[in-house]
There are 2 protein chains.
Amino acid sequence: MDRAVEDLTARARIRDAAVKLFGERGIEGASIRDIAAEAGVSSGLVRHHFGSKEALREACDKYAKERMLQIGAELTRDGDLTGLDPLVLHPLAFPLQLYLVRSMMDGSETATALFLEGVDAVEEWTTSFGIDPKDRRGYAAALAAIKLSVFVFREQVSKALGEDITTPAGYNRIGRALMEVFTIPLLTQEQIEKQEKR
Amino acid sequence: MDRAVEDLTARARIRDAAVKLFGERGIEGASIRDIAAEAGVSSGLVRHHFGSKEALREACDKYAKERMLQIGAELTRDGDLTGLDPLVLHPLAFPLQLYLVRSMMDGSETATALFLEGVDAVEEWTTSFGIDPKDRRGYAAALAAIKLSVFVFREQVSKALGEDITTPAGYNRIGRALMEVFTIPLLTQEQIEKQEKR
DNA sequence: CACTTGACTACACAGCTGTGTAGGAGTTTG
DNA sequence: CAAACTCCTACACAGCTGTGTAGTCAAGTG
């Protein structure tokens, strides 16, 4: 599955470099020249292959989404994932997820669509697992956001734990902590009712 | 508490405009001229008061953090908040939180420090409420990230719900859904043990 | 062979960027 | 009164930005 960098076509190298730099620095923060340098090509070639920065971004959106679904399907088929696992922190998905979150925050429709599909999946998952919240859709949306939260704040969470959560050890630790959030009843029924009166 | 815009000093107007535009567009995405125009002053005045863009950013970090703690303290004192409420979506805190999250993602130490203080607060809260997770620190960090997740993905969550979660109605809906996440045991003990073996 | 096509580079261009400088207007201070 | 200070604007500058254009080179294709 891993491909040597030098084996990729220039177009693929540019796309990978764009996903990486857009993800790390944001769309505005990564220039076409930066991306070209990262890919080891001239800036003109970026334009030749993708036309404009906006078109490059859309190509990255499309690729990241497809690749993400592909990785998710592979890992699920191989039994490496259950319904709620934070796929987002998987080494293969990491740069893609980084990009997608940034793109989502900048208002990408493709990335948002992927989020909505995730909500659908969680919703179906709750049904098949016999979980029956009052507001199933709201519940699924909250869960979908939660799955991404640890990823978005990975640096801050790592700092809080004194341990890098993108390493296997840290990843397992925060994974277990998330499990506990989902198993320990946090609020009493009374507190919830008080909340609902607002 | 609300202050008329025209009553603010130019310095405060610039700072507010910077928080707003940095939060909406990211640091790179908002230029000094944009901020000056938003505040209704010349771009030179921004420099006069803050020196450089980086210094302006740091001033915004400092202000947003202080103001956020202040708002949190006020609302807690008035009994509008309990320990776990998503203050992040409060109308007063909204632009500040938007800015802080962006700043955090761009590696701000001040914003990260605020997150860490939030983790500390949640950790103390679990103790005083008799919640006893195996990994208290990890549990608190996960909860702190979760509190912010709905905010970060507010647009996506709103789209999933077909309802703007920054309005009172939507805010209450997602709030209740979050409560359910914290009350319905999501995973069986067996599943968790399977998880831990990895 | 001549000709086209696609991958690729070099260079130019206008616009925006953060920053620097000079100076005006009004108030305070000696 | 004059000097000093603060708040504020206008303008200039170099560097980077996305984009546009011209042209090189190699691989087909008739």
Side-chain angles (χ1 to χ4, degrees), chain A residues 3-64 99 102-103 105-110, chain B residues 3-63 99 102-103 105-108 110:
Chain A
R3 307 146 301 183
V5 174
E6 61 268 24
D7 286 351
L8 293 175
T9 63
R11 192 176 202 281
R13 285 209 315 280
I14 291 169
R15 185 240 296 134
D16 286 355
V19 168
K20 177 169 181 248
L21 295 191
F22 281 156
E24 288 174 358
R25 310 180 192 174
I27 311 294
E28 302 269 358
S31 73
I32 289 189
R33 283 167 179 83
D34 290 341
I35 293 167
E38 175 79 21
V41 298
S42 72
S43 65
L45 191 61
V46 177
R47 175 170 170 76
H48 172 72
H49 277 302
F50 295 94
S52 71
K53 190 176 186 180
E54 181 55 27
L56 172 60
R57 205 192 102 142
E58 282 166 23
C60 288
D61 273 4
K62 193 161 169 288
Y63 170 76
Y99 170 80
R102 281 277 195 178
S103 193
M105 291 187 75
D106 283 5
S108 155
E109 292 194 10
T110 305
Chain B
R3 307 146 302 183
V5 174
E6 60 267 25
D7 285 350
L8 293 175
T9 63
R11 191 175 204 280
R13 286 208 316 278
I14 292 169
R15 185 240 297 135
D16 286 355
V19 168
K20 177 170 181 245
L21 295 190
F22 281 156
E24 287 173 0
R25 310 180 190 173
I27 312 294
E28 301 268 358
S31 73
I32 289 189
R33 284 168 180 83
D34 291 340
I35 293 167
E38 175 80 23
V41 299
S42 72
S43 66
L45 191 60
V46 177
R47 177 170 169 77
H48 171 72
H49 278 301
F50 295 94
S52 71
K53 190 177 185 179
E54 181 56 26
L56 172 58
R57 206 192 102 141
E58 282 165 24
C60 287
D61 273 4
K62 192 160 170 290
Y63 170 75
Y99 170 80
R102 282 277 195 178
S103 193
M105 291 187 75
D106 284 4
S108 154
T110 304

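Each chain gets a letter, A, B and so on, in the order the sequences are listed, and its residues count up from 1.
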_Side chain A/R13, main chain A/A39, donor-acceptor under 3.5 Å_ = yes
*Touch class at under 4.0 angstrom, heavy-atom based, for A/S42 against every strand present*: base
*Looking at B/H49, does any N or O in its side chain come under 4.0 Å of the phosphate oxygens OP1/OP2 on D/dT6?*
no
*Have a look at B/I32 and say if it touches a base, only the backbone sugar-phosphate, or nothing, with a 4.0 Å heavy-atom cut-off.*
sugar-phosphate
*In whole angstrom, give the distance that lies between atom CD of B/E28 and atom C1' of C/dG18.*
11 Å
*Rounded off to whole Å, could you give me the CZ-to-P distance for the A/F50 and C/dA7 pair?*
11 Å
*asked:* Does a side-chain N or O of B/R47 approach OP1 or OP2 of C/dG20 to a distance below 4.0 Å, or not?
replied: yes
_One thing to verify: whether B/R102 and A/D106 come together as a salt bridge, which I'm taking to mean a side-chain N less than 4.0 angstrom from a carboxylate O._
yes
*Indicate, with a heavy-atom threshold strictly under 4.0 Å, whether A/S52 touches base, sugar-phosphate, or nothing.*
sugar-phosphate
*Rounded to whole angstroms, how far apart are CG on B/L56 and P on C/dG18?*
10 Å
*A/K20 versus A/Y99: any side-chain heavy-atom pair under 4.5 Å?*
no
*Considering only heavy atoms from C-beta outward, does the side chain of B/H48 approach that of B/S42 to under 4.5 Å?*
no
*Looking only at side-chain N and O atoms, does A/H48 come under 4.0 Å of OP1 or OP2 in C/dA7?*
yes
*In whole angstrom, give the distance that lies between atom CD1 of A/I27 and atom P of D/dG18.*
11 Å
*So which nucleotide from C/dG18, D/dT19, D/dT9 ends up closest to the side chain of B/S31?*
C/dG18
*For the pair made of CD1 in A/I14 and C1' in C/dA7, what is the distance, rounded to whole Å?*
10 Å
*Provide, to the nearest angstrom, the distance between the CZ atom belonging to A/R33 and the P atom belonging to C/dC16.*
16 Å
*Could you check if a side-chain atom of A/M105 sits within less than 4.5 angstrom of a side-chain atom of B/M105, using non-hydrogen atoms only?*
yes
*Measure the distance from CG on B/L45 to C1' on C/dA25 and round it to the nearest whole Å.*
14 Å
*Let me know, please, whether B/E54 or A/S43 comes out on the 5' side of the other along DNA chain C by nearest nucleotide.*
A/S43
*How long is the line joining NZ of A/K53 and P of C/dC16, in whole Å?*
15 Å
